[in-house]
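Remarks on the structure that follows.
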Amino acid sequence: SGGVRAARIAAGYGSSVMVAEEYRMGGTCVIRGCVPKKLMVYASHVRHELDDAAGFGWTIPEATFDWSTLIANKDKEIARLEAAYTFNVEKAGATIVKARVTLEDAHTLRLSTGESVRAKYILIATGGTPNHGEAIPGIEHVISSNEVFHLKTLPKRIVIQGGGYIALEFACIFAGLGADVTVIYRGENILRGFDEDVRKHVRSEMEKAGITVLTGCIVTKVEKHGESFSAHLSSGSSVAADQVMFAVGRHPNIKGLGLDKAGVALNPVNGGIAVNEFSQTNVPNIYAVGDVTHRINLTPVAIREGHAFADTVFGNRPVQVDHADIPTAVFTQPEVGTVGLTEAEALAQYTHVDIYKTDFRSLKSTMSGSQSRVLMKLIVDGSTDRILGCHIVGPEAGELIQVVGIAVKMKATKADFDGTMAVHPTGAEELVTLRTPTTRHVRQAAE
């Protein structure tokens with residue numbers, strides 16, 4: 001995504017641009033990430049809608065689901081998007097070569113077709129790749145988020161190791177499609193880095209939906225038995241499954257790029273390509289954007305960084321990307337939407353922090369009979385009244401947090417929220433009707 005945007009904007013400035021792509025145009029998000037995943041999320045939602053229907057008077061015959069139809073239609077849509085990306089890059093005036101390139105020095109690249117190319121500037125936007133973590137016996141039987149989109153059949157039982165958003169989104173997808181799902185995570189609770197209330201709420205909702213969440217342990221061995229597997233855990237137990245998936249993180253896709261030949265340095269902390277505020281590496285004419293830098297691994301961030309690179313280098317308009325207060329969503333079921341600081345982060349940075357929080361069943365649930373609950377939480381600077389963070393777990397949380405993100409970015413205050421008329425009846429009206437803090441934190445100054 002970052003490379004495509006950079007190519008289009010740079011070409012628009014009149015520069016000569018070549019894009020080298022060894023696989024398919026569109027990058028992680030379009031080909032093997034957020035887009036196909038969201039399509040599968042939609043498919044899994046249907047089960048919940050069917051379950052809810054009876055409370056509203058609908059009698060629906062027993063429904064059946066066909067995995068192969070979903071995958072075929074998903075593949076058709078991804079092919080359409082890839083063609084659109086290709087068309088738009090070429091329409092902008094850039095040249096696409098279907099080849100892998102490696103750096104030979106700061107200005108020379110070798111294509112896998114054998115030819116050599118010289119470039120005044122080089123942008124590395126190769127993204128990330130799944131990381132299985134430590135090698136264990138039977139690791140060859142484990143799939144990643146790359147392979148999960150191309151399974152021939154829907155597994156009736158699946159073990160997913162990981163506690164981040166990729167692992168949990170697929171856990172909810174497979175559970176919604178009828179699979180028996182077990183999540184394994186080494187930490188004390190899922191969604192590390194998210195607000196503690198969000199972590200507890202999502203886990204509770206997942207377990208309510210029948211997903212088994214085992215924390216404080218890892219998969220130590222995977223054994224194959226015909227068409228099924230046994231995942232042996234560090235706790236001493238084992239789980240039978242038709243598929244074992246690891247989603248324990250992604251690392252920068254830098255293997256074999258020839259970074260050492262060009263003298264490009266890596267960030268010693270995160271292993272990504274080290275860059276400055278303009279996405280420039282230590283080699284002045286080489287830049288890097290997106291997941292390969294391992295800064296904030298989100299598609300819109302990569303796009304913004306790619307655009308800023310083109311503006312800076314070819315548009316004679318230096319642009320620094322602001323990485324603060326980036327809204328993001330996790331498409332678990334229920335969804336998570338978050339922007340700004342967590343409660344713990346706010347407490348570490350501010351002396352006075354007010355928390356406004358509500359947890360409720362939606363109006364729809366009162367008729368459908370669903371026991372799912374919605375969480376909404378505002379974190380406020382008690383000294384200035386500024387909204388420091390917003391965390392939502394519930395239907396359409398991703399859509400809501402996009403709009404709330406604008407307010408947080410504009411430094412809206414709690415008074416601004418309170419002064420906004422509610423839209424009734426909606427769940428979102430809770431955001432502007434939270435009157436009394438549930439908690440007030442005051443940190444005493446050190447003597």
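For clarity, every value in this text was computed on a predicted model and none was experimentally measured.
- No side-chain heavy atom of Ser368 sits less than 4.5 Å from a side-chain heavy atom of His48.
- The CD1 atom of Ile387 sits 11.5 Å away from the CG atom of Asp325 when rounded to the nearest 0.5 Å.
- With respect to Asp195, the side chain to side chain contact (heavy atoms under 4.5 Å, CB included) criterion is satisfied by exactly one of Thr342, Val393, Val336: Thr342.
- The shortest distance between side-chain heavy atoms of Ile392 and Met376 falls below 4.5 Å.
- The shortest distance between side-chain heavy atoms of Leu151 and Trp67 falls below 4.5 Å.
- Salt bridge status for Arg199 with Glu188: present, with a side-chain N to carboxylate O gap under 4.0 Å.
- Taking the side chain as every heavy atom from C-beta outward, Leu259 and Leu103 approach each other to under 4.5 Å.
- For the pair Ile190/Met206, a side-chain contact is recorded, criterion being any heavy-atom separation below 4.5 Å from C-beta on.
- Taking SG of Cys172 as the reference point, atom CD of Glu335 lies at 10.5 Å (rounded to 0.5 Å).
- In terms of modelled atom types and a separation under 3.5 Å, the side chain of Thr86 and the main chain of Glu82 share a donor-acceptor contact.
- Arg250 and Ser144 share no side-chain donor-acceptor pair at under 3.5 Å.
- Residues Asp354 and Lys414 are not paired through a salt bridge, judged by the lack of any N-O separation under 4.0 Å between the basic side chain and the carboxylate.
- Enclosure of atom CZ in Phe87 is not indicated, since only 12 or fewer non-hydrogen atoms of other residues, nucleotides or ligands lie within 6.0 angstrom.
- Salt-bridge annotation for Glu169 and Lys38: absent, with no side-chain N of the basic residue lying under 4.0 Å from a carboxylate O of the acidic one.
- For OH of Tyr42, the number of neighbouring non-hydrogen atoms (other residues, nucleotides, ligands) closer than 6.0 Å is 12 at most.
- The 12-atom threshold is not exceeded at CZ of Arg186, counting heavy atoms of other residues, nucleotides or ligands nearer than 6.0 Å.
- For the pair Asp242 and Lys156, the salt-bridge criterion is not met [side-chain N within less than 4.0 Å of a carboxylate O].
- Taking a cutoff of 4.0 Å between a charged side-chain nitrogen and a carboxylate oxygen, Lys200 and Glu196 do not qualify as a salt bridge.
- The side chain to side chain donor-acceptor pair (under 3.5 Å) test with Lys377 singles out one residue from Glu343, His391, His201, and that residue is Glu343.
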